[in-house]
Amino acid sequence: MFPPNAQNPDGVSDDKADLDRCEIAGHSRESSVHIPFKTSDRSGWPRVEVRCRQLQYFIAVAEELSFTRAAERLHVSQQGLSTQIKQLEHETDVTLFSRTTRQVELTAAGAAFLRHVRDAMTSLGSGLEEARAIHRGEHGRLVLGCLEGAALTLTEPILAAFRKHHPGISLELNHFTYETPSAGLANGQSDVAFVRRPFNDTGLRFEPLFRQPLMVMLPTNHRLADRDEVVVAELLDEPILSSAATDPIWNAFWQLDSHRAGRRAPVACRTKTLLEQLQQVATGTAIAMTVPCAAWIKFPGVRLVPVTDAAPNEVAVSWRAGHENTLVRSFVDIARRVRDANPALLARLETPRRRDRQHTRASATISG
């Protein structure tokens, strides 16, 4: 380690711009981090002690091939930068640059050293990030529960942003059927989840993402299949599909129970997935309530028609109250920011235009 000098440590100017900084993989922190290499041990390493700052300075000069431009880039004095490079050459016992009054060039030894220094700084930066993440409790994995469709077209940008922000975290996706509306939150299988409300959300917290209108799934030969839209009253006497969930709140919503004035829904059978619903509807077993994204699966014999007076379905990020660790909070915050950054996409998901509805009907039908 270089001994401190009270008057001018390291020969760097004393103004604020010339503070002793260690810049690693995009991070800049006031520091006096040293990289000691010992000798006389089994590793056979040379006795070299350098600072991260010196290596950062070396990289800048090597890339600029100019002490003037490198000093401007680093916001330090040219004299201080030159002093640091000389100290680095002294410590390594290697001439790194060939200097003349007109130009600066890397020596062959300097070029070889540059390759390894870049790798070392990248590795050190990754190590610091991992260590800091572990210190903050950000280690291991985050389990994300998903129902069918997850957060639709918001899913990928949310996951991509999270992985970019937490590259060392394993993000595990756990998929659930309609039997488990909480997507694994209720029994602790998931840390955070994309869910559709309403369902029994006791002990859970939410960040809404968007809401979608309900549509009715009809066989193509149904009396209402050629309509542009319908109202709930026209559907109440129809045999209807419900889910295999034991959650009464979830089932009541998809059975339209709030419109039945206490009458029991004529449930024909219970399904676990969208594909099962499509199969049952196509055969004429029953109708089913769904959302516009069901049209993304092209299935013969089925048409989707908007239901104008049914309450919309909300897609949200959910997590367990009292389990808001750093990763959960970060995931929710990232989901919120991605949502807010995509107003046009949200508008398309929440309020399909008439031509979108017509396309939905067309794409959901394949003539045999």
Where at least one partner belongs to [range], residue pairs that pass salt bridge (charged side-chain N to carboxylate O under 4.0 Å, His left out), sequence neighbours excluded:
range            : result
residues 182-196 : none
residues 267-277 : E179-K272
residues 154-172 : R141-E172
residues 69-78   : E63-R73, E64-R69, E64-R73

Mind checking whether [X] and [Y] have side chains closer than 4.5 Å, heavy atoms only?
X    : Y    : value
P312 : Q212 : no
F113 : V94  : no
L152 : F194 : no
I297 : Q277 : no
Q103 : L65  : no
E105 : T100 : no

Looking only at non-hydrogen atoms, find the nearest pair between [X] and [Y] and report the distance.
X    : Y    : value
S82  : F67  : CA-CE2, 3.9 Å
L204 : S318 : CB-OG, 3.7 Å
P181 : L147 : O-CD1, 3.7 Å

Check: [X] side chain, [Y] main-chain N or O, donor-acceptor pair, under 3.5 Å:
X    : Y    : answer
E350 : R211 : yes
N342 : L345 : no
E148 : L274 : yes
S330 : T326 : no
E234 : V231 : yes
E324 : G322 : yes
N251 : A245 : yes
R260 : L236 : yes
S190 : A183 : yes

Taking 4.0 angstrom as the limit, do R223 and E238 come out as a salt bridge?
-> yes
Residues 91-111 vs ring pair (Phe, Tyr, Trp, His ring centres under 6.0 Å), sequence neighbours excluded, gives F58-F97
Applied to residues 264-289, the ring pair (Phe, Tyr, Trp, His ring centres under 6.0 Å) test, sequence neighbours excluded, yields none
With sequence neighbours excluded, residues passing side-chain contact (heavy atoms from CB on, under 4.5 Å) with [X]:
X    : answer
A186 : S182
A335 : I158, L209, V317
R336 : E207, V332, D333, R339, D340
P198 : I249, F253, N313

Do you see a donor-acceptor pair shorter than 3.5 Å between the side chains of T68 and Q78?
-> yes
Could you verify whether a donor N or O on one side chain and an acceptor N or O on the other, from S243 and W254, lie under 3.5 Å apart?
-> no
Give the C-alpha distance, both sets of side-chain angles, the deciding distance and a yes or no for side-chain contact (heavy atoms from CB on, under 4.5 Å) between V195 and W319.
-> CA-CA 10 Å; V195 297; W319 65 99; over 6 Å; no
Could you list the donor-acceptor pairs under 3.5 angstrom formed between side-chain atoms of residues 278-291 and any protein atom two or more places apart in sequence or on another chain?
unit_1: Q280; atom_1: OE1; unit_2: T285; atom_2: OG1; d: 3.0
unit_1: T283; atom_1: OG1; unit_2: Q279; atom_2: O; d: 3.3
unit_1: T283; atom_1: OG1; unit_2: Q280; atom_2: O; d: 2.8
unit_1: T283; atom_1: OG1; unit_2: T285; atom_2: OG1; d: 3.0
unit_1: T285; atom_1: OG1; unit_2: Q280; atom_2: O; d: 3.4

May I ask you to check whether over 12 heavy atoms, not counting those of D237, lie within 6.0 Å of atom CG?
-> no
When you look at CG of D119, are more than 12 heavy atoms from neighbouring residues, nucleotides or ligands closer to it than 6.0 Å?
-> yes
Are I169 and V143 connected in the hydrophobic side-chain network, where two residues link if heavy atoms are under 4.5 Å apart?
-> no
For T202, side chain to side chain donor-acceptor pair (under 3.5 Å) partners two or more places apart = N200
Using the six-membered ring wherever Trp is involved, compare the ring planes of F199 and F206 and label them parallel, tilted or perpendicular (cut-offs 30° and 60°).
-> perpendicular
Derivation of the side-chain contact (heavy atoms from CB on, under 4.5 Å) call for L241 and C269 | CA-CA 6 Å; L241 299 179; C269 65; 3.3 Å; yes
